[in-house]
Amino acid sequence: MSIITLTSDYGIIDHDVAALKGDLWKEIPDARVVDISHAVSPYNSMQAAYLISRTYRHYPEGSIHFVLVDAQQEKGKPYLLGEIEGHYFLAPDNGIIPLIASGSKIDRLTAIDMRNSEDAKDPHTVYTRVAGHLSRGGKSSVLGQEAKNAEALTPSRPTLKPEGNEVIAHVLHIDTFGNLVTNITRKWVVENCGNKKITVIARNKRITRIVDSYFEGPTEGELFCVYNSDGYLEVAVQKPGGKHINSACSLLGLQVNSNIFIELE
């Protein structure tokens with residue numbers, strides 16, 4: 001039985017996700033299809049990579065992960081099959097597979113050759129047929145040649161100003177509770193900020209309370225910062241009413257890619 005995960009910027013209003021699942025079950029009737037997220041901001045490969053890289057290791061080796069963010073390719077450009085730690089990733093050639101790997105080795109990157117399938121031009125058809133091939137025990141090596149000139153995006157990193165007293169970062173993702181997940185990790189802070197006092201500045205708010213768990217946060221409705229389970233710094237509100245109700249997102253008016261600053265003393 002194949003496990004296939006889906007991540008897209010399709011949203012939940014349109015029919016695209018349901019149509020894709022139907023095509024998958026026609027190709028692989030016993031497939032187990034799991035939605036990671038369909039709420040990725042349009043064309044935002046950084047956000048998609050964050051979600052997928054934090055998720056795929058929870059699935060067994062051999063799982064197939066569909067990446068459908070900024071997925072339309074220009075004519076003649078192949079879709080890619082990446083193999084990382086025993087997992088398969090089907091994605092456009094837009095640099096997202098190296099982002100998902102995030103330091104892990106890409107064991108093989110195949111440029112999928114569908115020239116003999118005239119009707120296989122869109123990502124749904126290509127991904128579904130490749131997943132069917134893999135689920136039946138087919139080898140990735142017969143799907144095409146190694147992709148030697150594939151695009152590669154660089155992971156988003158905070159910027160430490162030359163003076164050493166300010167960091168410029170940004171929002172990678174906004175979760176269901178409206179917490180703002182930044183591209184600052186605990187590891188980066190330790191390596192670059194040492195023992196300096198940290199003040200997070202989001203819009204006009206200065207936040208000095210940085211804790212290790214939500215249980216250490218302040219009273220209900222107050223802003224604070226917390227390192228999430230993956231080690232990323234979040235700007236959060238204790239017990240928000242939802243993503244758009246008394247949350248960090250709604251109180252600060254910030255969105256994905258908005259800047260966050262850190263002052264060091």
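Since the structure is predicted, the reported quantities are computational estimates derived from the model, not experimental observations.
No path of Ile, Leu, Val, Met, Phe, Trp and Tyr side chains, each step under 4.5 Å between heavy atoms, connects Tyr43 with Val67, placing them in separate hydrophobic clusters. Following chains of ILVMFWY side-chain contacts shorter than 4.5 Å, one can reach Leu68 starting from Leu24, so the two form part of one hydrophobic cluster. Leu264 and Ile168 are assigned to two separate hydrophobic clusters, defined by single-linkage of ILVMFWY side chains at heavy-atom distances under 4.5 Å. Note: the hydrophobic cluster containing Leu90 also contains Val126 (ILVMFWY, side chain heavy atoms under 4.5 Å, direct or indirect links). Note on Leu223 and Ile174: same hydrophobic cluster, where clusters join Ile, Leu, Val, Met, Phe, Trp and Tyr whose side-chain heavy atoms are under 4.5 Å apart, directly or indirectly.
Within a 6.0 Å radius of CG in Asn149, other residues, nucleotides and ligands contribute 12 heavy atoms or fewer. Lys161 NZ: 12 or fewer foreign heavy atoms inside a 6.0 Å radius. Heavy-atom contacts from other residues, nucleotides or ligands closer than 6.0 Å to CZ of Phe177 number 12 or fewer. The number of heavy atoms from other shown groups lying within 6.0 Å of CZ (Arg32) does not exceed 12.
Taking the side chain as every heavy atom from C-beta outward, Asp175 and Glu234 approach each other to under 4.5 Å. Side-chain contact check for Glu83 versus Ile106: every heavy-atom pair is 4.5 Å or farther apart. The shortest distance between side-chain heavy atoms of Lys205 and Leu252 falls below 4.5 Å. A heavy-atom distance below 4.5 Å is found between the side chains of Leu251 and Asn246. A heavy-atom distance below 4.5 Å is found between the side chains of Val33 and Leu6. The shortest distance between side-chain heavy atoms of Glu166 and Phe261 falls below 4.5 Å. Using a 4.5 Å heavy-atom cutoff, the side chains of Ile64 and Val130 are not in contact. Leu172 places none of its side-chain heavy atoms less than 4.5 Å from the side chain of Val256.
Between the Lys196 side chain and the Gly164 main chain, a donor and an acceptor come within less than 3.5 Å of each other. Listed for the Arg203 side chain is a donor-acceptor partner under 3.5 Å among the backbone atoms of Gly253. Of the possible donor and acceptor atoms, one in the side chain of His133 sits under 3.5 Å from a partner among the backbone N and O of Lys139. The closest donor-acceptor contact from the side chain of Thr110 to the backbone of Ile112 lies at 3.5 Å or more, if one exists at all.
We find that Arg186 and Glu191 are not joined by a salt bridge, their nearest charged nitrogen and carboxylate oxygen being 4.0 Å or further apart. Look at Lys21 and Asp35 and you find a salt bridge, because one of the NZ, NE, NH1 or NH2 atoms lies within 4.0 Å of a carboxylate O, short of that distance. Ion pair Arg57/Glu85 flagged as a salt bridge, since at least one NZ, NE, NH1 or NH2 atom sits closer than 4.0 Å to an Asp/Glu carboxylate oxygen. The pair Glu263-Arg206 meets the salt-bridge criterion, with a side-chain N (NZ, NE, NH1 or NH2) lying under 4.0 Å from an Asp/Glu carboxylate O.
Using bins of under 30°, 30° to 60° and over 60° for the plane-to-plane angle, the ring pair His124/Tyr10 lands in the tilted bin. Using a 30° and 60° split on the angle between ring planes, Tyr127 and Tyr79 fall in the perpendicular class, above 60°.
Contact detail for Val235 and Ala248: the closest heavy-atom pair is O-CB, 3.4 Å. Nearest heavy atom pair, residue Ile96 against residue Ala91, reads CG2-CB, 3.8 Å. In plain terms, the two heavy atoms of Ser53 and Tyr56 that are nearest each other are CA-CD2, 3.9 Å. Looking at every heavy atom in both residues, Pro158 comes nearest to Val167 through CB-CG1, 3.7 Å. When all heavy atoms of Ala39 and Gln47 are compared, the pair lying nearest together is O-NE2, 4.4 Å. Across all their heavy atoms, Val237 and Asn179 have their closest contact at N-OD1, 3.7 Å.
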- request: Run the numbers on His170 and Ser258 for side-chain contact (heavy atoms from CB on, under 4.5 Å), then give the verdict.
  value: CA-CA 5 Å; His170 69 260; Ser258 294; over 6 Å; no

- prompt: How far apart are the C-alpha atoms of Lys239 and Glu222, what are their side-chain angles, what is the distance that settles it, and do they pass the salt bridge (Lys or Arg N to Asp or Glu O under 4.0 Å) test?
  reply: CA-CA 9 Å; Lys239 293 189 177 179; Glu222 290 188 35; over 6 Å; no

task: Could you check His87 against Ser63 for side chain to side chain donor-acceptor pair (under 3.5 Å), going step by step and ending with a plain yes or no?
output: CA-CA 5 Å; His87 292 253; Ser63 296; 4.5 Å; no

message: Quick one, Ile4 with Val34, criterion side-chain contact (heavy atoms from CB on, under 4.5 Å). Give me CA distance, side-chain angles, the key distance, then yes/no.
response: CA-CA 6 Å; Ile4 298 171; Val34 181; over 6 Å; no

- prompt: Given Thr159 and Arg157, is the side chain to side chain donor-acceptor pair (under 3.5 Å) satisfied, shown in steps?
  reply: CA-CA 6 Å; Thr159 301; Arg157 307 289 188 199; over 6 Å; no

- request: Check the pair Gln255 / Val171 against side-chain contact (heavy atoms from CB on, under 4.5 Å), numbers first and verdict last.
  value: CA-CA 7 Å; Gln255 302 297 327; Val171 178; over 6 Å; no

- request: Kindly determine whether Asp70 and Asn44 satisfy side-chain contact (heavy atoms from CB on, under 4.5 Å), including the steps that lead there.
  value: CA-CA 7 Å; Asp70 191 19; Asn44 195 323; over 6 Å; no

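Leu233 pairs with exactly one of Val200, Val189, Ile260 by the side-chain contact (heavy atoms from CB on, under 4.5 Å) rule, that one being Val200. Applying the side-chain contact (heavy atoms from CB on, under 4.5 Å) test between Arg54 and each of Ile100, Val181, Asp230, Asn228 identifies Asp230 as the sole match.
Using modelled atom types, one finds no donor on one side chain facing an acceptor on the other under 3.5 Å when comparing Thr128 with Thr125. In summary, the side chains of His38 and Ser8 do present a donor paired with an acceptor at a separation below 3.5 Å, with no hydrogens or angles considered.
We find the CD1-CG distance between Ile198 and Asn195 to be 10.0 Å, quoted to the nearest 0.5 Å. Between atom OG of residue Ser37 and atom CD1 of residue Ile12 there is a gap of 10.0 Å, rounded to the nearest 0.5 Å. Here the straight-line distance linking atom CG of Leu109 with atom CZ of Phe89 works out to 12.0 Å at 0.5 Å rounding. Interatomic distance, Leu143 CG to Met114 CE, rounded to the nearest 0.5 Å: 8.5 Å.
Separation of the Tyr232 and Tyr50 ring centroids falls under the 6.0 Å cut-off.
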